[in-house]
Protein chains: 2
Amino acid sequence: MHLAKVSEDTIFRSCDHDYKVTCDTCRLNRICIPLALNAKDLEQLEKIVQHTKPMQKNELLYRENTPFQSIYAVRSGAIKAFRTTNDGREQVTGFYFPGEILGMDGISEDRHASSARALETAAICAIPFNALEKLSSTMPNLQRHLFQLMSREITEDQLLITLLSKNSADERVATLLLSISRRNARRHLSATHFRLPMSRVDIGNYLGLTVETISRVFSRMQKAGTLRVDNKEIEIMDYEALHHGANLSN
Amino acid sequence: MHLAKVSEDTIFRSCDHDYKVTCDTCRLNRICIPLALNAKDLEQLEKIVQHTKPMQKNELLYRENTPFQSIYAVRSGAIKAFRTTNDGREQVTGFYFPGEILGMDGISEDRHASSARALETAAICAIPFNALEKLSSTMPNLQRHLFQLMSREITEDQLLITLLSKNSADERVATLLLSISRRNARRHLSATHFRLPMSRVDIGNYLGLTVETISRVFSRMQKAGTLRVDNKEIEIMDYEALHHGANLSN
DNA sequence: CCAGAACCATGATACAGATCAAGAGACTGC
DNA sequence: GCAGTCTCTTGATCTGTATCATGGTTCTGG
């Protein structure tokens, strides 16, 4: 029994190739929560962060209406957040990449307001919110950073609201691609050549469009020489054109 | 000179019929920030809240990209928040009624991410955020409440995203009316009979629709016996029908 | 109380994107 | 390595809402 447990643990950890990472040594620590902290405070944070959560593609990280315990940082892979409308359809509310934080919508009601699913194999850090809250009472920088993170989530949602309310299909797609490009650049990855982790369905859902429309927009942009599209591989050929297409408002 | 100042002050205050209100005696204190605090903590909060800000219709409370200082609580009247797209159009991102807090989108970048304008004569409390932050370090309840307020703003934005992305014109209008109805009820006002403080243009803008469409929806709903509409006066005649119309999703 | 300006309602028409349909490509598990 | 399934593309058609146009109503300031 004891042996079994050990071996299970070993298997679990062997999936997570960098399970020994700490916030201290994590290569995302300049864009994730640690950016607000000095070495001493980081040690404290370290104590509450749970680094062990390797996820398979399509696995759920948390589910709408379940008790809220933690917020989550993406270490690798990509996550989509979505809520289910009461006629059973999905609304994708965001995509989360390494270094980004999700789950903060659960704080207000003490249960998750959305669900989150891995779009590909992913490593996640769970940060128990009660402990984080206590910690932030003693660390003004951390408290400030949390307020800022939540505020940023609000402004990003407002941008999406504006996008959905005012922009054409081409502008919406262009804006998403530019957002992914910018976030890649932040992680020192290529800003012009990347692989989309999400399906056309998810993109359409997020942008308030149908799959067919997403396909057509990609085809049109490829024809126009703005993009090269090969299934999920995207190459931005004409950054300016893309930006211009996304630029008619916002 | 000194005299002039005094008299100006007097005029200023005379506009604000309940300027002597404190959080302690404010009739909104069960739905506003004070709800999280005991009498002793409330005294501390009292010291930083600025109660003096009577606004005329159309006056700006704060403007996009100006330095962020305070968040604001509505004491009376109604406020709309909006951002300006870079082709100069407006996107209304929210309406705020008495007891509600706005301005939290300014925290992340230390400048306001949106503007706010009075839809009618309004009284506002300004709460300097630096002071509030300090205070919340020593009051776990307050800190928790602020996190919850911000989290609620996120979930409400997500609801709007879903509405814009998935729902018909009728459903959007119905959802807005039900939201106003619910918020009125919270303040012990009529849930079925109220006056809209905003124009059709603002409603359309908020819901991603044109003025004409808003007009037509109101007319249709009146014809169907769901509403009585007399300019800005709304009477909900068939709550169920309205809810059903808003109910096809979310 | 009146004139000008907002604001609102309603009809006719246009169009972006949805829906329906069908086939091609890519991935999955045995 | 192949069958079945999911994902993506492209075409034809339909539709809800935008747009354009006009007149009525309400509000505002002098």
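Sequence lines set the chain letters: A, B, ... in the order given, protein chains first and strands last, and positions in each chain run from 1. Because only heavy atoms are used, hydrogens play no part in the values below, and waters and symmetry mates are left out as well, while side chains stay in.
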Calculate the interatomic distance between [X] atom [atom1] and [N] atom [atom2]; express it in whole Å.
{"X": "A/Glu212", "N": "C/dG23", "atom1": "CD", "atom2": "C1'", "result": "14 Å"}
{"X": "B/Arg195", "N": "C/dC7", "atom1": "CZ", "atom2": "P", "result": "13 Å"}
{"X": "A/Leu164", "N": "D/dT17", "atom1": "CG", "atom2": "P", "result": "15 Å"}
{"X": "B/Asn231", "N": "D/dT25", "atom1": "CG", "atom2": "P", "result": "12 Å"}
{"X": "A/Asn167", "N": "D/dA18", "atom1": "CG", "atom2": "C1'", "result": "15 Å"}
{"X": "B/Lys166", "N": "C/dA18", "atom1": "NZ", "atom2": "P", "result": "10 Å"}
{"X": "A/Ile214", "N": "C/dT19", "atom1": "CD1", "atom2": "C1'", "result": "15 Å"}
{"X": "B/Asp202", "N": "C/dC8", "atom1": "CG", "atom2": "C1'", "result": "14 Å"}

Side chains of B/Ser165 and A/Gln91, donor plus acceptor under 3.5 Å:
yes

Check the side chains of B/Thr213 and B/Thr210 for a donor-acceptor pair under 3.5 angstrom, ignoring hydrogens and angles.
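Present: a donor and an acceptor within the cut-off.
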
[X] side chain: which of [options] is closest?
{"X": "A/Ser168", "options": "C/dA9, C/dG17, D/dT28", "answer": "C/dG17"}
{"X": "A/Thr213", "options": "D/dA12, C/dA12, C/dG17", "answer": "C/dG17"}
{"X": "A/Ala169", "options": "D/dT17, C/dG17, C/dC27", "answer": "C/dG17"}
{"X": "B/Ser215", "options": "C/dC8, D/dT9, C/dC27", "answer": "C/dC8"}

Starting at the 5' end of DNA chain D, which residue's closest nucleotide do you reach first, B/Lys57 or B/Gly208?
B/Gly208

Indicate, with a heavy-atom threshold strictly under 4.0 Å, whether [X] touches base, sugar-phosphate, or nothing.
{"X": "B/Ser219", "value": "sugar-phosphate"}
{"X": "A/Gly204", "value": "nothing"}
{"X": "B/Thr210", "value": "base"}
{"X": "A/Leu209", "value": "sugar-phosphate"}

Residue from A/Arg117, A/Lys80, A/Arg83 passing side-chain hydrogen bond (donor to acceptor under 3.5 Å, both in side chains) with A/Glu90:
A/Lys80

When A/Glu100 is tested against each of A/Arg183, A/Arg187, A/Arg75 for salt bridge (Lys or Arg N to Asp or Glu O under 4.0 Å), which residue passes?
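In the set A/Arg183, A/Arg187, A/Arg75, the residue that makes a salt bridge (Lys or Arg N to Asp or Glu O under 4.0 Å) with A/Glu100 is A/Arg183.
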
Determine: side-chain N/O of A/Lys232 to OP1/OP2 of D/dC8, distance under 4.0 Å, yes or no.
yes

Would you please confirm or rule out a distance under 4.0 Å between OP1 or OP2 of D/dT9 and any side-chain N or O of A/Arg200?
yes

N/O donor-acceptor pair, side chain A/Arg216 with base D/dG11, under 3.5 angstrom:
yes

In a check of side chain to side chain contact (heavy atoms under 4.5 Å, CB included) between B/Phe97 and each of B/Leu119, B/Ile180, B/Asn184, which one passes?
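Exactly one option meets the side chain to side chain contact (heavy atoms under 4.5 Å, CB included) with B/Phe97, and it is B/Ile180.
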
